[in-house]
Amino acid sequence: MGSKRRFWLIKSEPGSYSIADLERDGRTSWDGVRNYQARNFMRDEMAVGDLLLFYHSSTEPTGVAGIGRVFGPAYPDYTAWDANDKHYDPRASKENPVWVMVDVEFVEKFPAVVRLAEMKAAGELDGMLVLKRGQRLSIQPVDEAHFKAVRKMGKRG
DNA sequence: GCCAACGTTGGC
DNA sequence: GCCAACGTTGGC
């Protein structure tokens, strides 16, 4: 895994959890991820200190709303074996957690959302996963150059 | 609200 | 192990 800091994009519908919520809370558990590829990224590749583009999906406008940081290593997502939880998975148990989560902390909220359309128009973001049609993965690795470019766009407001 | 794209499930 | 059917995601 190494010590090299990685960069990620995490998606959230702001109606359920927004960058403003993270700013208010300071820190939150990124629970409810029920996709194997996304889980593997959290479990195997995310490291404390990794920076995250916080992406608002299914809203207007869609785009990157701010920055977060991985606060702690992956641990079992106990909401998976809570029958009352929205993300309950009957295959999961304390003995066999199946799913994991990480803790995420607030870093910054952009003055204005860096819109998806704006990102598509920026040539420097060519190849970024989130720009690909049909790309539904809720946790995506991001190139350092792409991360920096988006952050710069965000600071401009 | 529509629907394309995708991941997952389950019959065979 | 294939693959059709299904449910979900998420932009538009």
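Chain identifiers are assigned alphabetically (A, B, ...) following the order of the sequence lines, protein sequences preceding nucleic acid strands; residue numbering begins at 1 within each chain.
In this entry the distance linking CG of A/N35 with C1' of C/dT9 reads 11 Å, nearest Å. Regarding A/Q135, its CD atom lies at a distance of 11 Å from the P atom of C/dG11, rounded to whole Å. Between A/Q37 atom CD and B/dG7 atom C1' there is a gap of 10 Å when expressed in whole angstrom units. Whole-Å rounding puts the A/H56 NE2 to C/dC12 P distance at 17 Å. One interatomic measurement links the two molecules: CD of A/E118 to C1' of C/dG11, which rounds to 17 Å at whole-angstrom precision. Nucleotide C/dG7 holds its P atom 17 Å from the CG atom of A/D89, rounded to whole Å. Taking atom CZ on A/F41 and atom P on B/dG7, their separation rounds to 12 Å, with Å as the unit. One interatomic measurement links the two molecules: CD of A/Q140 to C1' of C/dG10, which rounds to 12 Å at whole-angstrom precision.
Between the OG atom in A/S57 and the CZ atom in A/R136 there is a gap of 12.0 Å [rounded to 0.5 Å].
Taking the six-membered ring where the residue is Trp, A/H56 and A/F54 present perpendicular rings, their angle passing 60° and hence far from 30°.
Note on A/Y55: a side-chain N or O is less than 4.0 Å away from OP1 or OP2 of C/dG11. OP1 or OP2 of B/dA5 has at least one side-chain nitrogen or oxygen of A/R133 nearer than 4.0 Å.
When the nucleotides C/dT9, B/dT8, B/dT9 are ranked by their closest atom to the side chain of A/R91, B/dT9 comes out on top. The side chain of A/K11 approaches C/dG10 more closely than any other nucleotide in the set B/dA4, C/dG10, C/dC12. Of the candidate nucleotides B/dT8, B/dA4, C/dG7, B/dT8 has the atom nearest to the side chain of A/Y36.
Within 4.0 Å (heavy atoms only), A/R39 reaches no atom of the nucleic acid at all. Among the atoms of the strands shown, base atoms are found under 4.0 Å from some heavy atom of A/S58. Counting any heavy atom pair closer than 4.0 Å across all strands shown, A/K132 reaches no nucleic acid atom.
A salt bridge between A/K155 and A/E108 is present, with a side-chain N of the basic residue lying under 4.0 Å from a carboxylate O of the acidic one.
With respect to A/V150, the side-chain contact (heavy atoms from CB on, under 4.5 Å) criterion is satisfied by exactly one of A/I67, A/L9, A/V64, A/V142: A/V64.
A ring-centre distance under 6.0 Å is found for A/W99 and A/Y36.
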